[in-house]
Amino acid sequence: MVVDGAVGTGGEPESSDSLRTFGAVVQALREHAGLSREEFGERVRFSKHTVASVELGRRMPDPTFVERAEEVLGNTGALRKAAGHLARQPGLAAWFRQWARLETTAITLYTYECRLIPGLLQTEAYARQLFADRLPSLDDEQIEAQWTARAERQRLLRERPNTAFSFILEEHLFLRRTGGVEVTRELIDHVLEVSALRNVEVQVMPLVLESHAGMAGPLQQLETPDNKWYAYNEAQRGGLFFSDPKEISVLQRRYARMRSQALTLQDSVSLLERMRGAL
């Protein structure tokens, strides 16, 4: 089991000297090439908000971003070498970086949430409400960057049709009406739409339940193409990354029990439809 401090927001590492330096180099090379952030973003196929987030040292650069940036900015190898040092820089949210990398190739992803709708299932309006509620507060540019990153991550659901996604969501997450009635109605519609995908299963944990195996909090698990399992959970200011097979076994048993305690797939859809109709 690996325990790393996960300071920062939304799973992103807190800005460090190495991130700011890397971002400054990207910006200098971009400006030397005579490209605006929008023009550069079009060439590397990332939004201008993502480009800004990297240049300002607020976001860990995606490996794809680094490779495309190299091609656009002269193939000097400088960005590749600099990015390698970022991975070894203390203070980065290593637990999230590991998880995000594994998530992109996973063949199975399990998610149980009791605090908020998971990022993979959020609508833009719901996500923006969460961002607006952050403390310390985010500015408009940070919120745009956060949503862009989340929207890009959500593509996994449709771009990886052979990956099995399972979600167990507490009923009260919808009853809370985060963002208001219209935001909740749109959210339920979106969750119902995603649940219709062949590779996605959504189960609702009923509000009234005599026995619940998930009282220890949220949980995510994934299986890699070579059939290794990992898990993580996070709290307000930190995260836990699990790789020990004994720990994974315990968490798998808990998730399996929760699947049996939650409503069936059909009953979950029926409940969500009734909740939407009652709004």
Side-chain angles (χ1 to χ4, degrees), residues 2-107 109 119 138-139 141-156 158-160 163 222 224-226 228 230 232 239 241 243:
V2 179
V3 182
D4 287 295
V7 293
T9 58
E12 290 294 339
E14 188 178 61
S15 185
S16 66
D17 288 342
S18 65
L19 280 174
R20 288 190 289 270
T21 300
F22 179 88
V25 171
V26 172
Q27 182 174 353
L29 290 174
R30 172 182 63 76
E31 292 175 347
H32 181 73
L35 300 172
S36 68
R37 280 179 177 165
E38 186 171 2
E39 291 169 334
F40 180 66
E42 290 176 357
R43 297 198 184 188
V44 296
R45 300 193 295 283
F46 281 86
S47 73
K48 65 179 181 180
H49 303 297
T50 298
V51 173
S53 199
V54 170
E55 290 186 350
L56 294 172
R58 294 173 177 163
R59 175 172 177 164
M60 183 74 177
D62 184 282
T64 304
F65 178 95
V66 175
E67 288 303 315
R68 292 174 183 172
E70 276 283 7
E71 294 173 5
V72 173
L73 300 175
N75 264 322
T76 63
L79 295 181
R80 293 190 189 96
K81 291 179 180 178
H85 289 288
L86 286 176
R88 294 189 292 273
Q89 184 71 21
L92 298 182
W95 59 272
F96 178 79
R97 190 168 63 245
Q98 286 177 288
W99 184 264
R101 184 172 62 251
L102 291 168
E103 192 179 55
T104 60
T105 58
I107 61 174
L109 272 165
L138 303 178
D139 60 32
E141 188 174 353
Q142 288 173 310
I143 289 176
E144 289 299 326
Q146 291 278 342
W147 168 245
T148 297
R150 189 152 302 179
E152 290 174 358
R153 180 169 167 254
Q154 289 179 352
R155 293 165 54 186
L156 288 173
R158 289 179 168 82
E159 292 184 353
R160 297 192 60 78
T163 296
L222 65 75
T224 66
D226 57 355
K228 292 182 179 179
Y230 299 91
Y232 94 85
F241 182 93
S243 58

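The basis for the numbers below is simple: all heavy atoms, side chains too, and nothing from hydrogens, waters or symmetry mates.
Annotation: the span from His32 atom NE2 to Leu73 atom CG amounts to 10.0 Å, rounded to 0.5 Å. In this structure, CZ on Phe40 lies 11.5 Å from CD on Glu31, to the nearest 0.5 angstrom. Taking CD of Glu152 as the start and OG of Ser47 as the end, the distance is 6.0 Å to the nearest 0.5 Å.
Arg160 places no side-chain N or O within donor-acceptor distance of the main-chain N or O of Ile107, the cut-off being under 3.5 Å. In terms of modelled atom types and a separation under 3.5 Å, the side chain of Ser53 and the main chain of His49 share no donor-acceptor contact.
The shortest non-hydrogen separation linking Ala106 to Leu222 is CB-CB, 4.1 Å. A pairwise comparison of heavy atoms in Tyr232 and Phe241 identifies CB-CA, 4.2 Å as the closest pair. Closest non-hydrogen pair, Leu138 versus Gln142, comes out as CA-OE1, 3.3 Å. Gly41 approaches Val51 most closely through the heavy-atom pair CA-CG2, 3.9 Å. Taking all atoms of both residues into account, the shortest heavy-atom contact from Thr104 to Leu156 is CA-CD2, 4.0 Å. Smallest separation of non-hydrogen atoms from Thr224 and Leu102: CG2-CD2, 4.0 Å.
Residues Val54 and Phe46 fail the side-chain proximity criterion, which asks for heavy atoms closer than 4.5 Å. Considering only heavy atoms from C-beta on, Thr50 stays 4.5 Å or farther from Val44 through its side chain. Side chains of Phe22 and Val66 form a contact here, defined as non-hydrogen atoms less than 4.5 Å apart.
Every pair passing salt bridge (charged side-chain N to carboxylate O under 4.0 Å, His left out) that includes a residue from residues 66-78 is listed here, sequence neighbours excluded: Glu67-Arg80.
For Arg30, the salt bridge (Lys or Arg N to Asp or Glu O under 4.0 Å) partners two or more places apart in sequence, or in a different chain, are Glu55.
Around the CZ atom of Arg37, the shell of radius 6.0 Å holds more than 12 heavy atoms that belong to other residues, nucleotides or ligands.
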